[in-house]
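All remarks here apply to the structure that follows.
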There are 2 protein chains.
Amino acid sequence: MEQTWLYVSIAASLVSIAVAIYLYYWVKRQTPGTEKAQEVASWIREGAQTYLKRLYVALTIVAVILGFIIAVVFSFDLVDIASGDVDITPGNGIKMAVAFIAGAVCSAVAGYMGMSIAVEANVRTATAANESLNKAFRLSFYAGSVMGLAMVGLAVMGMSIIFLLTSSADIVLGFSFGASALALLAKAGGGIYTKTADIAADLVGKVEVGIPEDDPRNPAVVADNVGDNVGDVAGMGADIFDSYVASTVAVMLLAASSTTLDSKYIVLPLILCTLGIGASLLGIQFVRVGKNGKPGPALNFGTIITTIFFSAMVTALVLLGDINIGVLWATLTGLITGVIIGFTSDYFTSEAQKPVHETARVSDSGAAINIIMGFSYGLVSIVPSVIGIAVATLLSYHFAQTSGLPGIYGIGVSAVGMLSISGMIVSADAYGPIVDNARGIAEMSGMDHEVIATTDTLDAAGNTAKAITKGFSISAAALTVLALFAAYAEVVTASGAEVNMSLRDPIVVAGVFLGAMTPPLFSALTMLSVTNNAFDMIEEVRGQFRERPGILAGTEQPDYATCVGMAAHGALTSLVLPAFLAVGLPLLIGFVLGPNALGGFLGGSIFTGVIFALLMANAGGLWDNAKKFIETGQFGGPGSDAHKAGVVGDTVGDPFKDTAGPSLNTLITVMSLVSSLFAPIIAAFHIF
Amino acid sequence: MEQTWLYVSIAASLVSIAVAIYLYYWVKRQTPGTEKAQEVASWIREGAQTYLKRLYVALTIVAVILGFIIAVVFSFDLVDIASGDVDITPGNGIKMAVAFIAGAVCSAVAGYMGMSIAVEANVRTATAANESLNKAFRLSFYAGSVMGLAMVGLAVMGMSIIFLLTSSADIVLGFSFGASALALLAKAGGGIYTKTADIAADLVGKVEVGIPEDDPRNPAVVADNVGDNVGDVAGMGADIFDSYVASTVAVMLLAASSTTLDSKYIVLPLILCTLGIGASLLGIQFVRVGKNGKPGPALNFGTIITTIFFSAMVTALVLLGDINIGVLWATLTGLITGVIIGFTSDYFTSEAQKPVHETARVSDSGAAINIIMGFSYGLVSIVPSVIGIAVATLLSYHFAQTSGLPGIYGIGVSAVGMLSISGMIVSADAYGPIVDNARGIAEMSGMDHEVIATTDTLDAAGNTAKAITKGFSISAAALTVLALFAAYAEVVTASGAEVNMSLRDPIVVAGVFLGAMTPPLFSALTMLSVTNNAFDMIEEVRGQFRERPGILAGTEQPDYATCVGMAAHGALTSLVLPAFLAVGLPLLIGFVLGPNALGGFLGGSIFTGVIFALLMANAGGLWDNAKKFIETGQFGGPGSDAHKAGVVGDTVGDPFKDTAGPSLNTLITVMSLVSSLFAPIIAAFHIF
C-alpha cells in the first residue's frame, strides 16, 4: 500500500506543478501595459535577474563543496570505524549527496519560478488596476499561486521519488538539508538585500531630499523594488519550502526509528502533504473579490476554506484508510493553533488595534518613545504565540499517546498538519510583494492617482496576509524543529549512545546557554550587514545627486544598476559568517562537548530563535503600521513630528521584520538538520 | 567548629556595619556648602524621602501579607497531608515568616542607609570639588562605601544569626526570599521611577524647550535627580544584596541536602562572605587618586586589589582549615570569570572602542541607523558573557567533582566567590549616582565651570564603574540562579518526587518555553510603565511651562513636588503585574503542570533572563556613550544631526539599561527562590 501512496503523491505533485506552469503562462499572456510602465518593469526584472544569477553561482559553489563533503563522509560507516571496523560503501555517500543537491535544486527552481513570474506580474497588475480592482487582484493572486503550487509540488515530488527509490528516511533528510541550506542563503541574503536598498532609498530620498517613495529620480529605487522580489518572494518561498520539507522528514524519521509503528506511518506525512495540495488547489478557486469588494477578507477566506477542506480530507483518510485516530487530532491541533496564532499576531500589528494606536499616539513625543513602545509591545506579542506553541506541543503529544502512537510522533504530525496547507498560505503571501511592486511601477511610470489608490488597497491586504503568514510560519517552524529535535534524540539513541538531555546535567545547561545566544548573534550579524551596506549605498546615492544635478531636476536618468549591483554584492558577501554559524557551530559543539551538549544547544537555539523571530516580526510590523496610521491623518498626519518619529520606527523595524526575524526560522531548522544528519558520527566521536 | 565560624562571621559583619556607620558620620561632618547648593540638595533629599516613605509603606503591606501566608503554609507539614497524615507545627511557620521579614528589613535598612547618605554626600561632593578633585573623589567614594559595607554586614549578620539559632538552611531560604521580594520592588520600582523622570525631563527640557540638562527651570529636574538615588543607589544595592544572599543560601541548601558532605560545608559560604568582607575593608583603603590623577583607574585598582586579597585569604583558609581544594578552584573560577566578564562588557560600552565609535559614526544618517547599530552590538555583546558563564559552569563543576565534592556544589561556590567581594563592588558602584547628583547640584546652584568640569571627570569614572558592575552582577546572578536551580532539583528529590528535567520530555519543553517568555514580558511591562508615566509627566511639565511663563523666564520656581509625587505614585502602582509574574507564575506552573515543568520553567527564565539582561544593559550603555562621544565634538558635535540621532538612541537606552535590564536579575532570583521554597508542597500537590 505504501508504494501506491507514493505514486499518488507523485501524481498530485505533478498536477500541482502543471497548474503552476499553466498559471505562469496565463499571467504572461495578460497585457503588459504602456511602454513607460514596461520600461520601469524591465529595470526591476533585470535587477532581479542580476541578483539571482549571482546568488545561484554562490549557491552552486556551496552546494558542490558541501555535496562533496557529504559524499565522502557518508561513504564511510563512521560508527563502525569508531569500533575499529572500517566499512566503506560509496553508494550511500553518493545517494546522500545527490539527495542534498536535489533538495537545493528543487527549492531554487520553485523560488526562480515564483520570482520570474512576480517580475512579469507586477507591471501587468498595475495595468489591470487601470481597468478594475477585481482584475488586478485576480492577476496578482494567481501569480502568487505560481510559487505556492510550484513549491509544494516540487517538494512532494522530490521527497516521494527519493523515498520510492531508496526506502530510507535518512536519505530524505539529505534532501531536506539541501533545501534548508539553500533557504538560509536565499532568505538571509534576500533579507539583507531588500532592507539595504529600502533603508538607503528612504533615508536619502524621503528624509534628506524630500522626494516621495518610489520616485524614479532616486537611484536606489530600482534596487528597492528588486529587493521586494528577492526578499519577499524568493526568500520567503525558500523559507516555507524548508519548513515544509523538514517537518515531513522529521515525522518520517520518527516513524522509521520507532519499533512499534507500522511502516505506513513513515509515508503518512507525504500523504498529508498530498491532501494539502488538493485542499490548496480547491481553496485557491474560492479567493475572489466581488465588485469593489475587499481583497483582505478574500485572502483570509481562502485560507479558512482550505483549512476546512483539508480537515475533511484528513478525517476521511483516517476513517477509511485504517489510520490511528491520533493522527487526526494531532493534525487538527496543529492546524487550529496555526490559524489562531496567525490571527492573534495580526492583533499586534493591525492598524485597528490598541498596540498600533498607542504607538502612534505617543509618537509626537519623539522617535525614542515610539521605539520603546513598539519594542515593548513586540515583547508582549511573544506571549500568546509561545503559549500556543506550548499548548500545541502538549496536546498533540497527549492525543498521540492516548491513541497508542508515540507522543513525539504526534508533535511531528501537528507540524505537518500546520504546513500541509502551505500551497494556499504561500500563494496569499507571494501576492504581497507583487502588488507592492505594482504600486511602485504605477508611481514611477506616472499612472493616474486612481490607479495608485487601487494598488494601495491591494497593497494593504498584502500586508495583513504577510503578518498572518509570518505568525503561521514561525509557529510551524517551532513545531517542526521540536519534531526534528525529538528526531535528533532518536537518531543518537539508535546509534547506541545515551542522551538524557537533562537540565540537571551542567554540560546540557552549558549547551543550552550557547544555543540560546546563537539566534541573537545571527540576527545581529545580518542587521549589521544591512546598516553597513545601506551606509555605503547612501554614500553612492548622495554622490549621484551631488555630481549629476540633472537627476533631481528630472532631466537625467540616475544610475540604477550601480545600486542594484552594490546591494547584491553586499548581501552575498555578508553571508559567510552567518552561514558558518548555522552549519559549523552545531558540529563544533557536538564534536567537542558531545551529543548531550549538542541536544542542549539545539534546545537553546529553538527557545530564543522562536522568541526573537516573534519579537522582530511583530515589532517591525507594528512600527510599519503605526507610521501608516499616522499617514492616514491621525496625530498630526504626514509631515508632523509624530510622522517623523513614525518613520524612524518604521526604518528600525525594516531589518527586524524583513531581515533578521524571518531568517531565524531557517537558522534553527538548518542547525537541527545538520545535527540530526551528523548525529551518528558525533555520537561515536567527541572529545568530552 | 561550625559554631566558632558563625561567631566569627557575626563579628566580621558587626565590624563592617560599624565602619559603615563611622563613614556615614564622617561624610555628614563635611562642609555642606553654600546656601543655594544646600537648598537644591534639600529638594532632592525631600523627594527621595517621599519616595522611600511610599515604597516602604507598600513593602510593609506586601511583607505582612506574604509573611502571613508563609506562616500559615509552613505551619502545616503539607507533604504529610498528601499522604493523609496531618501534622501541624506552627513553630516552623513562624520561624519562616520571621526570617522572611528579617530578610526584607535588612535589605531595606541597607538601602535606606545608602540612600540617606547619598543625598547628603552629593552636595558635599559638589562643594569639595571646589577645592580639589582628590577631596571630592574621597568623599563620594566613602559615601558609596557606606552602602557597600552596610549591605554585606547586614546580610552576613542576618544569615549567620538565623543559622546559629535554627541550624536550618531552609529557614535561611526564607530570609533570602524576603530580601529578594524587597529587591524586586525596590529595583523595578526605582528603575521605573528614575527613567520616567529622566525621559520626561529630557524630552521637554532638552528637546522641546532647549534648556540644558539639570536646568532648575525644568519642573522634572528634581524628580530626575531623585531618580538617580532611588534607582541607582537603593535599587542597585537591593539587587546585589539579593544575589549575595541567594548564592550563599543556594550553597547552604546544596550542602545540607548532600549525603556525602561534612556539615562544615553548610557554613562554608558564610565564611567565604566573611573573608570577602575583610578583603573589601582592606581594598577600600587602596582607592585613592594622586594629585590630578584619574578616578576611573583608582576604582578599578580597588576592585583588583580586593580580588587579590580575597584569593589569598581563601587559599589560606583551604590550606589551613582542612577544606577541600575544590572550593579554592571553584572560588577562583567565579572570581576570574566575574572580573573578565566585567571588563569585556566594558568593551561594548566604552567610548574608546569600536562599537561606540561605529554607532556614533553612522548617526549622521539618522536615529534609525543609530538604533539598529546599537541594538545589533548589544546582541553581539551577549556572546562573550554567555561563553564565560558556560565555561565557568563547566569548570567549577569539573573542579569540584574531581576534588571529591558534588559538582553542583562547585557551581554554587563559584557564584559565592564572585559575590564575596560585593562590599567593594557596591562601594564603587554607589559612587556613580552620588557624583552624578553632585554634577546636577553644581549646575543647578550655579557653581563655576571649573567645578562642573571636575564633577564631569568624576562622573565619567562612575559610568565606567557602573558598566563593569552590571556585567559582574549579571554573571553573578546567572551563576547564583544556576545554583538555586540545582538546589530546587535537590529539594524536590529530597521530598521523594522524581525530577528528570529532560528536554526529551514535552512537559519540560513546554515549561522552558513558558519560562523563556517571562523575562521579555516582564521587561515589556516595566518599559510600558516608563513610557506611560513619562507621557503623563511630559503633559504636566508642558502644562507648567504653558500656564506659568515665569518659570522659563527664571522668575518663578517650578512645582517640583508634583513631578516627584507623580513619579513615585506611577512607579509603585506599575509594580502590581510584574510582581505577580515573579511570585505567582512559578506557583501556577508548578501546581498545574508539576515539578518537572516548573524545573523547565526556571531553566527557560534563566536562559532568556540572562540574555535580555545583557542585551539591555550593554545596548543602553553603548547608546549613552555614543551620544557622549558625539558631544565631545566628533561627527559634527553637539547640535548636529548626528547628535540628535544620538539623543534618540540614548533615550531608548534609558529604560533598557536602568529599568528593564537590571530588574531581570532579581526577577529570576525571586522565581527560583519561590520555587525552591514551595518545592516540597508542589511535589506533593499538582494537577498534571
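Numbers restart at 1 for each chain; the letters A, B, ... are given by sequence-line order, proteins then strands.
Looking at A:Asn596, neither its backbone nor its side chain comes within 4.5 Å of chain B, counting heavy atoms on both sides. Of the two parts of A:Leu602, neither the backbone nor the side chain holds a non-hydrogen atom closer than 4.5 Å to a non-hydrogen atom of chain B. With a threshold of 4.5 angstrom between heavy atoms, B:Asp505 does not approach chain A through any atom at all. Heavy atoms closer than 4.5 Å to chain B are found nowhere in A:Asn370, neither backbone nor side chain. Using a 4.5 Å cut-off between heavy atoms, B:Ile382 contacts chain A through its side chain alone, with no backbone atom that close. In this structure, the portion of B:Thr493 lying under 4.5 Å from any heavy atom of chain A is its side chain and not its backbone. If you measure heavy-atom distances from B:Ile389 to chain A, the contacts under 4.5 Å come from the side chain alone. Contact of B:Leu614 with chain A is not made at all, since no heavy-atom distance falls under 4.5 Å. In this structure, no portion of A:Val530 lies under 4.5 Å from any heavy atom of chain B. There is no contact between B:Asp202 and chain A, counting heavy-atom distances below 4.5 Å.
Side chains of B:Val509 and A:Leu482 form a contact here, defined as non-hydrogen atoms less than 4.5 Å apart. Considering only heavy atoms from C-beta on, B:Leu379 stays 4.5 Å or farther from A:Leu521 through its side chain. Looking at heavy atoms from C-beta onward, B:Asn500 lies out of side-chain contact with A:Asn500 at the 4.5 angstrom threshold. Residues B:Val512 and A:Val512 are not in side-chain contact: their nearest non-hydrogen atoms beyond the backbone lie 4.5 Å or more apart. Using a 4.5 Å heavy-atom threshold, the side chains of B:Tyr377 and A:Leu528 count as touching.
The candidate with the highest count of non-hydrogen atom pairs below 4.5 Å against chain B, out of A:Met527, A:Met517, A:Arg504, is A:Arg504. With respect to chain B, the highest number of heavy-atom pairs below 4.5 Å among A:Ile538, A:Ile408, A:Leu394, A:Leu615 belongs to A:Leu394. Interface remark: of the candidates B:Thr393, B:Val391, B:Leu203, B:Thr526, B:Leu203 forms the most heavy-atom pairs closer than 4.5 Å to chain A. Ranking A:Ala489, A:Ala516, A:Ala367 against chain B, the residue ahead of the rest is A:Ala489, based on heavy-atom pairs under 4.5 Å. Annotation: maximal heavy-atom pairing with chain B below 4.5 Å, among A:Phe656, A:Phe375, A:Tyr397, A:Phe513, occurs at A:Phe513. Heavy-atom pairs under 4.5 Å with chain B peak, among A:Pro520, A:Pro506, A:Ala390, A:Ala510, at A:Pro506. Most heavy-atom pairs under 4.5 Å with chain A, from the set B:Arg361, B:Met373, B:His398, B:Met501: that is B:Met501.
In this structure, the separation between CD1 on A:Ile369 and OG1 on B:Thr651 is 8.0 Å, given to the nearest 0.5 Å. Distance check, rounded to the nearest 0.5 Å: CG of A:Asp654 to CD1 of B:Ile372 gives 7.5 Å.
Applying the salt bridge (charged side-chain N to carboxylate O under 4.0 Å, His left out) definition to pairs two or more places apart or across chains, those involving residues 523-542 of chain A are A:Glu208-A:Arg542, A:Glu539-A:Arg542.
For residues 604-611 of chain B, a heavy-atom distance under 4.5 Å to chain A picks out B:Ile606, B:Phe607, B:Thr608, B:Val610, B:Ile611, given by residue number.
Relative orientation of the B:Phe612 and A:Phe612 rings is parallel, given thresholds of 30° and 60° on the angle between their planes.
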